Amino acid sequence: VSSDGGGADSEPAKEMCTDGHCDEAVPDPSPPSNPPLATPPAFTQPPAVNPPPPPPTSADDLVTPSLSSGVGEEGGTNPDGCLAVSQEHTVLLSTDHMTDIDMFHNNLIIHKCESRESLLTTLRQTLHQLTSPYGVLLFLYSAILTKGVQLMKQEIADPHEPLIDRVHGHGGQSLINLFITGRAVTYVFDNDREIGGMKCFGIDKQPCVGFLAFLEHLRYCAVGSYLKNPNYPLWILASETHLTLFFTLELNLVAPETEECRARRVFSQYDTEDCGFISSHCLQDVMAALGLVSDIEYVEIMKTKLDPDVLGIVLLNNFLDEFYPDQRTKRTRQTHSFKVYHYNGLVKSNNTVAYKEGKACIEDFPNPSIVLDDSQISTCLQTKWRGIEIVWQDTVVPSL
């Protein structure tokens, strides 16, 4: 994703809450120790249970599956994975022989894997290359070859746009989305939209790793709920010039999507300008997409009720108050507190490359007139949690 490398698992994920404050929590996926054995019913065979995989014995065992997921995203031309590696006789481990970028490219070879097991085996054998000079390029080339160059060109809005920023060196949005979702689309909103007669491809599913942008605070873009609410509480944070990582162990932040959250997401698909309202002509389509009664007679009654001034628009808040009053009234003012961590791969940003720990609090209904923390990282996080405040270790705010 950047000069630090990166990738994300692309397994389909459940839809998540669009604001991070849902009441339901994600249960702990790890099985309890020594679970009691259930007695099978009479005259039936107990279901076959696959033995659990052996626990990782080293850091390599943890890194290899993650790298394979980053390389072998679904939907690519070579779904089992292609690895760009260097011929071993070039002594890739020696930095003395890696100063010539032309020599590096001249000695590249492509290893096409026939299965996920083959990909994992090859990664284990060549993992030392990915941690050597130009290792990030090897990982990048592997991901692009696995996806397929022609398929990437079809997904990128402007095929002439470079994948890597020429000034700051970080990955462009198409490259970031490729590693996060498996699709090299250019936009960060949910699903596809037609804007000015041109179809624009966005994020089509819940990713495992999320994405938040400081530019959203400046209203240059609007990140959709899919990227804001990933399957796991990890988010890539994008400043104007750099990418960092923010994560926590608090699984409640990625709780299952409620009906109100889903309604907000569907409503936003028709509110293409993010104005907080839709044309009344779209009301029937929104109601049908949400599984509400969408008969013409009933929709006309709702138009009259939701648009009493006959302005031709339906406000989001009025829509939610009408169809989801229970979920909106049961939310109470409360504060969530949890540990958070931030990683910045640039030494010059924090004097040392290390994880920065902090204590975060989220207030469900913050007072918009009171701003206690206007740091760049908090401003970026507030595009998802408006009421978030973080006290960082040693009171030093990390750089974004």
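None of the values given here were measured: they were computed from a predicted structure. For reference, positions follow the sequence shown, starting with 1.
Between the Ser268 side chain and the Arg265 main chain, a donor and an acceptor come within less than 3.5 Å of each other. Judged purely by atom type and a 3.5 angstrom limit, Asn231 has no side-chain atom pairing as donor or acceptor with the backbone of Pro207. Side-chain atoms of Lys147 come within 3.5 Å of backbone atoms of Gly182 as a donor-acceptor pair (strictly under, hydrogens ignored). Proximity of a side-chain donor or acceptor of Thr395 to a complementary backbone N or O of Val391 within less than 3.5 Å is not detected. A donor-acceptor pair is defined here as one N or O able to donate and one able to accept, closer than 3.5 Å; no such pair exists between the side chain of Trp235 and the backbone of Leu245. At distances below 3.5 Å, at least one donor-acceptor pair connects side-chain atoms of Gln284 with backbone N or O atoms of Ser294. A distance-only check finds a donor-acceptor pair linking the side chain of Ser239 to the backbone of His242 [under 3.5 Å]. Using modelled atom types, one side-chain atom of Asn344 and one backbone atom of Leu346 make a donor-acceptor pair closer than 3.5 Å. Formation of a donor-acceptor pair under 3.5 Å by the Arg183 side chain with backbone atoms of Phe201 is not found in this model. With hydrogens and angles disregarded, no donor-acceptor distance shorter than 3.5 Å links the side chain of Asp165 to the backbone of His170.
To the nearest 0.5 angstrom, Ser142 atom OG is 7.0 Å from Ile110 atom CD1. Here the CD1-CD1 distance, from Ile176 to Ile180, works out to 6.5 Å after rounding to the nearest 0.5 Å.
Ser174 has its side chain out of reach of Val185: every pair of non-hydrogen atoms, C-beta onward, lies at least 4.5 Å apart. Within the 4.5 Å cutoff, the side chain of Val340 has no heavy atoms near those of the Glu357 side chain. Using a 4.5 Å heavy-atom cutoff, the side chains of Tyr134 and Leu138 are not in contact. Looking only at side-chain heavy atoms (C-beta outward), Lys153 and Val149 come within less than 4.5 Å of each other. Phe214 places a side-chain heavy atom less than 4.5 Å from the side chain of Thr379. Looking at Val188 and Gln173, their side chains come closer than 4.5 Å, going by heavy atoms from C-beta outward. When side chains are defined from C-beta on, Leu140 counts as touching Ile164, because their heavy atoms get closer than 4.5 Å. Counting heavy atoms from C-beta outward, Leu253 and Trp385 have side chains that approach closer than 4.5 Å.
Between Lys303 and His281, the shortest heavy-atom contact is NZ-CA, 4.3 Å. A pairwise comparison of heavy atoms in Ala263 and Leu290 identifies CA-CD2, 3.7 Å as the closest pair. Listed here is the closest heavy atom pair of Leu315 and Phe267: C-CZ, 4.1 Å. Residues Asp204 and Asn191 come closest through the heavy atom pair CA-OD1, 4.0 Å. Closest heavy-atom contact between Ser399 and Thr244: O-CG2, 4.4 Å. Scanning all heavy atoms of the two residues, the minimum distance from Tyr343 to Ala354 falls at CD1-O, 4.1 Å.
When the side chains of ILVMFWY residues are joined at heavy-atom separations under 4.5 Å, either directly or via intervening members, Val286 and Ile296 end up in two distinct hydrophobic clusters. The cluster map of Ile, Leu, Val, Met, Phe, Trp and Tyr, joined by side-chain heavy atoms under 4.5 Å apart, puts Ile278 and Leu311 in different clusters. Cluster annotation: Leu249 and Phe338 are assigned to distinct hydrophobic clusters (Ile/Leu/Val/Met/Phe/Trp/Tyr, side-chain heavy-atom contacts under 4.5 Å, transitive).
Within 6.0 Å of atom CD in Glu240, more than 12 heavy atoms from other residues, nucleotides or ligands are found, so the atom counts as buried in its surroundings.
Aromatic rings of Phe179 and Phe139 (six-membered ring for Trp) have centroids within the 6.0 Å cut-off, being under it.
With salt bridges taken as basic N to acidic carboxylate O contacts below 4.0 Å, none links Lys384 and Glu216. A salt bridge is defined here as a Lys NZ or Arg NE, NH1 or NH2 lying under 4.0 Å from an Asp or Glu carboxylate O, and Lys339 with Glu250 fails to meet this definition.
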#### Entry: Residues Asp374, Ser378; criterion side-chain contact (heavy atoms from CB on, under 4.5 Å); working and verdict
CA-CA 6 Å; Asp374 60 353; Ser378 292; over 6 Å; no
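Ser118 and Ser115 share no side-chain donor-acceptor pair at under 3.5 Å.
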